[in-house]
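Working notes, structure below.
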There are 2 protein chains.
Amino acid sequence: MARDKDITIYDIATQLGVSPSTVSRALKNTNAVGNATRKKILATARELGYQTNTFASNLRKQRSNTLGVMVHELRSNFITSVLSGIENVAAETNYDLIIAHSSENAKKERANANNLFHKRVDGLIASLASDTSNLHHFKSFVDKSLPVVFFDRVFEQDLGAKVIINNFKAGYDATQHLIRQGCERIAHITSSLNRNVYSERLRGYKAALADNGIAFDERMVIVDGLAEEHAAYSAKRILKLSPLPDGIFITNDFCAAVVMQVLKDAGIHIPEDMAIVGFNNDAISKVISPKLTTIDYPGYEMGQIAARQIISHLKGTSNINTTNTIILHSELIIRESSLKQIS
Amino acid sequence: MARDKDITIYDIATQLGVSPSTVSRALKNTNAVGNATRKKILATARELGYQTNTFASNLRKQRSNTLGVMVHELRSNFITSVLSGIENVAAETNYDLIIAHSSENAKKERANANNLFHKRVDGLIASLASDTSNLHHFKSFVDKSLPVVFFDRVFEQDLGAKVIINNFKAGYDATQHLIRQGCERIAHITSSLNRNVYSERLRGYKAALADNGIAFDERMVIVDGLAEEHAAYSAKRILKLSPLPDGIFITNDFCAAVVMQVLKDAGIHIPEDMAIVGFNNDAISKVISPKLTTIDYPGYEMGQIAARQIISHLKGTSNINTTNTIILHSELIIRESSLKQIS
DNA sequence: AAAAATAATGCAATCGGTTGCACTGTAAAT
DNA sequence: ATTTACAGTGCAACCGATTGCATTATTTTT
């Protein structure tokens with residue numbers, strides 16, 4: 001059986017002897033259509049299985065009903081949670097999503113921004129790649145008054161709305177906790193300090209040391225990637241420190257898990273010899289031994305909030321430029337990997 | 001500065017004194033345009049910053065240049081790898097992606113299929129929810145001759161092309177390995193047997209037992225969800241078996257990690273008391289103690305291949321209906337969690 | 001009862017790219 | 001030298017929904 005053509009508003013109009021304009025108006029909730037007519041139209045639309053042709057509609061309306069999402073990496077527990085949150089809100093509000101990832105590459109990020117712009121997304125949600133050094137590539141969005149919301153990795157002083165956590169406080173809390181457990185030589189494994197998330201955590205780490213009269217030693221800070229191979233290498237660098245640290249604050253749970261594995265293989269006892277604090281509260285933190293103390297980072301909520309921000313801006317309910325930065329609650333979750341003392 | 005309107009082919013046409021049709025033809029690689037004209041047009045297009053309006057183009061061409069992707073869950077390491085593979089190929093070939101997830105819910109899956117159909121995607125890549133019982137909701141795609149490729153979770157005998165691994169063999173290999181390690185009472189923790197991936201692995205498990213003269217005992221098979229809470233519960237059920245099993249084949253690495261955690265907390269030694277084999281070769285399998293023996297499942301490649309299948313079908317290079325099923329290589333990766341004997 | 005306001009609908013242009021058909025001019029074939 | 005072919009280009013009709021403006025019918029106001 002040959003496939004029939006799709007049903008259009010013209011088909012409905014012809015069948016009912018009304019004009020396409022009336023059908024169009026009836027299918028939305030414009031009140032400029034008589035009640036009887038509207039009912040007939042809606043009934044016929046359902047009966048014929050009418051579906052809006054979004055291309056025609058978008059073309060005419062000059063908007064896409066689509067949000068662009070740019071992430072620095074797809075294969076990450078945290079990012080997946082955020083995406084899931086965004087998707088949840090987008091689905092509810094009938095927005096579509098185009099997802100692009102930069103693989104931590106500024107060049108690809110620029111290409112993606114460009115691409116999404118030309119795909120005419122109505123708004124953008126983004127987390128920056130590790131080597132992005134400015135926001136020039138988002139300028140076209142700003143010029144066109146398209147809302148942009150950054151999450152997690154942002155430029156705190158630059159354009160766009162932001163949804164973040166207090167990374168300074170998180171870093172401070174993690175370090176303070178290690179100090180309270182009796183650690184005196186605390187190392188810090190982190191990633192590109194160009195990114196606020198890492199530089200702020202470092203700042204918190206330093207502040208906690210200072211507040212406790214511990215001298216900062218830059219050899220104790222290891223900056224590298226967070227993927228498996230980098231993590232293993234960082235762990236080896238830890239093992240070469242002399243004297244060995246008695247605590248490590250690591251800005252990523254997966255990285256912490258790999259580091260712990262290497263340390264354990266080297267005969268180091270955790271937490272007795274070295275206490276560990278991770279970051280993110282990924283599922284992995286509960287299935288490694290010892291269980292990982294970490295900072296709970298509400299990714300799903302972050303996604304939902306970023307999406308809601310954008311969408312309520314688009315619907316005119318609120319203006320994204322007035323509430324510029326939203327800080328979500330994050331907190332230290334204490335598990336075995338850092339418990340030297342039973343308090 | 002007020003934003004200028006977007007550049008259209010009409011702007012280019014006017015500027016050069018040619019017709020829009022010629023511009024349109026020049027911008028694609030139709031050979032029906034003179035060489036000099038084409039060059040001028042391309043130069044002007046670049047200079048003015050012209051970008052195709054995809055809505056207009058899609059509307060006219062009646063296709064979207066977009067692939068729909070339906071997954072049963074977003075927050076999964078395996079799925080993320082697949083998505084990453086799909087994205088990689090889609091980006092190369094200039095296809096967009098719309099990603100929808102069913103949260104393991106057949107009803108939502110049906111809604112998603114419907115939605116993607118009406119968004120007029122050019123093709124569909126899908127993995128089934130755990131309680132999906134038929135493929136009726138994909139019929140509209142078939143009727144419209146839109147290609148559908150299923151991956152991972154498929155109906156092996158039903159419509160559509162499939163990209164899968166040999167789950168029977170994987171199950172057989174995992175079980176055979178445990179038997180070779182001296183296990184005699186092997187439990188199996190798995191999920192919905194309506195899904196080929198789980199039923200086939202179970203079949204492999206049974207076949208290996210049979211081939212080694214071990215009687216199948218259905219109390220040794222635990223069917224439940226694979227998320228954290230279900231996994232913990234399954235572990236408790238294992239602990240209630242009497243006699244205790246001396247080996248477990250678990251169809252998911254994360255689930256295996258949780259189970260191991262619970263077993264270890266209960267004082268069971270792995271692999272001495274109980275050997276464990278997981279499934280997927282997620283990153284997690286290498287950072288838990290002991291490291292997890294598992295089946296390597298090439299998610300990224302699976303995504304790439306599914307996407308390539310669809311796209312080459314769409315481009316007319318190959319017909320998806322002729323190569324109906326593609327089976328990817330998977331293999332047992334032996335680590336500490338199952339090594340009872342140093343062989 | 002006449003005038004004014006309002007509700008319900010239609011007309012037709014518009015969004016921007018694509019493509020079948022027709023036309024022109026030059027090159028190739030006879 | 002004539003016919004034939006074809007490369008290069010333009011015309012105009014689409015694709016389907018939206019919306020400002022005009023028109024008609026109906027209700028309200030005075």
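As the structure is a computational prediction, the values presented were derived from the model and not from experiment. Numbers restart at 1 for each chain; the letters A, B, ... are given by sequence-line order, proteins then strands.
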Handout entry: side-chain N/O B:Lys61 vs C:dT19 OP1/OP2, d < 4.0 Å
Key = no
Exercise for the section: Take atom CD1 of B:Ile12 and atom P of C:dG16, then tell me their distance rounded to the nearest Å. Expected result: 13 Å
Practice task
Look at the side-chain N and O atoms of A:Gln62 and state whether any lies under 4.0 Å from the OP1 or OP2 oxygen of D:dT18.
Solution key: no
Problem - Spacing of A:Arg63 atom CZ relative to D:dA17 atom P, expressed in whole Å - result: 17 Å
Handout entry: Distance below 4.0 Å between A:Thr8 side-chain N/O and D:dG16 OP1 or OP2
Key = no
Exercise for the section: Look at the side-chain N and O atoms of B:Tyr50 and state whether any lies under 4.0 Å from the OP1 or OP2 oxygen of C:dG17. Expected result: yes
Problem - N or O in side chain of A:Ser57 less than 4.0 angstrom from D:dT18 OP1/OP2 - result: yes
Exercise for the section: Indicate, with a heavy-atom threshold strictly under 4.0 Å, whether B:Thr54 touches base, sugar-phosphate, or nothing. Expected result: nothing
Handout entry: OP1 or OP2 of D:dA17 under 4.0 Å from side-chain N/O of A:Ser24
Key = no
Practice task
Starting from P on D:dA13, measure out to CG on B:Leu59 and report it in whole angstrom.
Solution key: 17 Å
Exercise for the section: Examine the base of D:dC11 for any acceptor or donor lying under 3.5 Å from a partner atom in the side chain of B:Ser21, and report the outcome as yes or no. Expected result: yes
Practice task
Report which part of the nucleic acid A:Val23 touches: base, sugar-phosphate, or nothing (heavy-atom distance under 4.0 Å, all strands).
Solution key: nothing
Problem - A:Ser21 side chain to A:Ser19 side chain, donor-acceptor N/O pair below 3.5 angstrom - result: yes
Exercise for the section: Give a yes/no answer on whether the side chain of A:Lys28 brings an N or O atom under 4.0 Å of OP1 or OP2 in D:dA17. Expected result: no
Problem - Sugar-phosphate only, base, or nothing, as touched by A:Tyr10 at under 4.0 Å among non-hydrogen atoms - result: base
Practice task
Measure from NZ or CZ of A:Lys162 to the centre of the six-membered ring of A:Phe151, then state whether that distance is under 6.0 Å and the direction lies within 45° of the axis.
Solution key: no
Practice task
Before accepting this row, confirm whether a basic side-chain N of the pair A:Arg153/A:Glu104 lies closer than 4.0 Å to the acidic partner's carboxylate O.
Solution key: yes
Exercise for the section: Take the protein atom CZ of B:Arg25 and the nucleotide atom C1' of D:dG10, then report the distance between them rounded to whole Å. Expected result: 8 Å
Exercise for the section: Could you check B:Gly17 against A:Pro20 and say which one's nearest nucleotide on DNA chain D is further toward the 5' end? Expected result: B:Gly17
Problem - Distance in angstrom units between B:Ile7 CD1 and C:dG16 C1', rounded - result: 13 Å
Problem - Test item: side-chain donor near acceptor, A:Asn58 and A:Ser64, under 3.5 Å - result: no
Handout entry: Rounded distance in Å - CG (B:Leu27) to P (C:dG16)
Key = 15 Å
Exercise for the section: Quickly work out the B:Asn53 CG to C:dT18 P distance and round it to whole Å. Expected result: 10 Å
Handout entry: d(CG, A:Asn65; C1', D:dA17) in whole Å
Key = 14 Å
Practice task
Please check if the distance between the ring centroids of A:Phe155 and A:Phe150 is under 6.0 Å.
Solution key: no
